[in-house]
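Take a look at the structure set out below.
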Amino acid sequence: MAIIRPNILKDAVARQKYAQGVNLLKNEFTTSTTQSLGIPGPSNPISTYDLFVVWHQVAMMTMTPTSQNERNAAHSGPVFPAWHRFMLRQLELNLQRALQDPAFGLPYWDWAADGDLTPSKQKKSKIWAADCMGNTGSPISKGPFVFKASNPQSFRVRIDADSSNQLRQVNRGLRRAIGAGATTLPRRSDTSTALKTTPYDLPPWDRSSGGFRNFLEGWAQNPVVMHNRVHVWVGGDMLPPTSPNDPVFFLNHCNVDRIWEAWMNKNGRTYVPLDNASIDLKGHRLHDDLSSLISPPTQPAAVLNMTATYTYDTLLV
Amino acid sequence: MKHKKDLERPTPESIAHYVQRNASKARACLKMKMRGGAGAETVRETDYKGHSIVVRTTYRVDIDGRPFMGAIGVSNSGEVHYHGVPNMKFSSALDLIRTVIDVFPDDFKKKRSGGGKTSGRTNGMSGMPGMMKRRAKQTR
């Protein structure tokens with residue numbers, strides 16, 4: 001039976017379990033080490049949660065093709081929704097194990113609902129309360145992800161990237177600068193436009209493409225919209241390629257996934273490019289392997305229909 | 001459709017196994033400098049009325065007298081981007097670098113604010129609806 005992914009602001013149990021699960025995975029260490037992944041500094045074990053941070057960076061540094069600096073194995077190309085669906089499902093499976101709750105569904109943040117509020121009310125949304133994701137700040141000072149130097153079990157950022165885009169080991173609190181980079185979140189009018197935007201994707205399959213994927217990712221307009229706008233609006237650790245450091249990353253992407261699901265419900269489970277597309281699109285075609293680190297790979301074709309595995313409490317976006 | 005691989009429930013042991021299997025590829029990616037590195041050249045090409053046009057753009061950026069090592073690129077529509085701030089695009093390289101300084105505070109410790117020059121500020125993102133004006137942080 002399919003699990004149900006809930007709206008985090010409407011489900012107190014999911015809210016509490018998500019924070020608990022993230023902190024459990026933050027303190028679950030595998031035998032993987034920073035040294036084994038070439039991260040400079042002393043060799044330290046990497047937690048299951050932090051492997052998601054590294055995985056995102058690896059995908060982002062996998063250029064597709066290597067002759068350019070824009071389209072990578074997870075972004076700025078057709079695979080954007082599919083790769084993140086794969087990543088979300090891996091996190092969900094790990095959270096289920098950590099929580100010992102196989103029915104746990106990853107919650108989403110319906111940011112367009114907040115986006116319809118005034119800018120000052122957006123910053124005061126319940127998602128930033130101490131019983132949800134915590135507040136803004138450098139570092140944040142409220143909520144389940146506050147860094148306490150004296151408590152080694154407390155949430156902390158252990159791996160981030162420097163300004164040259166190289167991973168490094170750190171030990172610090174989570175940073176957010178809510179509303180500093182953009183005045184407003186995406187709005188309902190944006191998600192409505194997304195659902196009406198067809199086809200799925202178009203040549204040249206990058207940030208200049210027409211179609212749903214590029215609109216959803218957020219490159220279709222300037223300033224950036226949709227998914228990109230959420231990263232920019234939250235700010236802080238949501239801005240560099242190590243953005244999974246902020247647990248809000250997964251709530252944002254779960255909503256992105258929900259919008260994709262709503263789009264497919266309306267427009268059909270179509271995906272392009274197909275397998276006969278140019279080799280320059282390797283990593284983005286229907287049956288190409290998705291960039292993986294912590295599990296076997298999968299392909300876009302395998303994640304187009306996940307309705308037997310999970311559904312959303314609503315597809316009204 | 002139920003995907004067979006989805007049924008494989010991860011464990012710390014299985015995760016370590018796959019990380020080990022993928023480690024060499026991951027290390028290679030993580031060590032990779034962006035194509036061209038600092039001073040990377042972006043080549044934009046188009047044809048117009050039978051004429052072939054090639055525009056080559058290179059950014060060489062110094063921050064506090066030190067070269068900035070990130071590879072800055074420019075899109076066909078002239079927007080500037082940097083992989084280290086992957087969700088943003090800028091109409092000005094100056095605004096991009098201001099954002100880099102904000103996003104990586106550990107790399108650029110705060111200096112005492114002076115009343116530096118403000119000319120050259122182009123309000124790359126800030127002039128657009130929905131984006132806040134970033135305060136010009138001038139340092140000597």
Taking [options] one by one, which has the highest count of heavy-atom pairs under 4.5 Å against chain B?
options                               : value
A/Asp162, A/Asp237, A/Asn72           : A/Asp162
A/Leu293, A/Asp206, A/Thr242          : A/Leu293
A/Pro119, A/Ala161, A/Ser36, A/Ser295 : A/Ser295
A/Arg207, A/Arg172, A/Arg175, A/His75 : A/Arg175
A/Thr48, A/Leu51, A/Leu239            : A/Leu239
A/Ser32, A/Pro240, A/Gly38            : A/Pro240

**Message:** Holding to salt bridge (Lys or Arg N to Asp or Glu O under 4.0 Å), I want the full list of residues that pass it with A/Glu28, two or more places apart in sequence or in another chain.
**Reply:**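 With neighbours one apart ignored, the set is A/Arg97.
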**Message:** For B/Thr58, give me all partners under side-chain contact (heavy atoms from CB on, under 4.5 Å), at least two apart in sequence or on another chain.
**Reply:**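 Residues passing side-chain contact (heavy atoms from CB on, under 4.5 Å) with B/Thr58: B/Glu41, B/Arg60.
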**Item:** By side-chain contact (heavy atoms from CB on, under 4.5 Å) - contacts of B/His51 (at least two apart)
**Value:**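 If we apply the side-chain contact (heavy atoms from CB on, under 4.5 Å) test to B/His51, skipping adjacent residues, the hits are B/Lys49.
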**Item:** Any B/Ile97 side-chain heavy atom under 4.5 Å of B/Ile72 side chain
**Value:**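 Touching, per the 4.5 Å side-chain cut-off.
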**Request:** Output yes when a side-chain donor or acceptor of A/Asp246 lies under 3.5 Å from a complementary backbone atom of A/Ser243, and no otherwise.
**Result:**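 Here the side-chain-to-backbone pair does not exist.
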**Request:** Kindly indicate, with the supporting measurements, whether the criterion side chain to side chain donor-acceptor pair (under 3.5 Å) is fulfilled by A/Arg158 and A/Tyr49.
**Result:** CA-CA 10 Å; A/Arg158 296 193 189 95; A/Tyr49 186 91; over 6 Å; no
**Item:** Contact listing (chain A partner; residues 11-24 of chain B; heavy atom under 4.5 Å)
**Value:**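 Listed by number, the contacting residues are B/Thr11, B/Pro12, B/Ser14, B/Ile15, B/Ala16, B/Tyr18, B/Val19, B/Asn22, B/Ala23.
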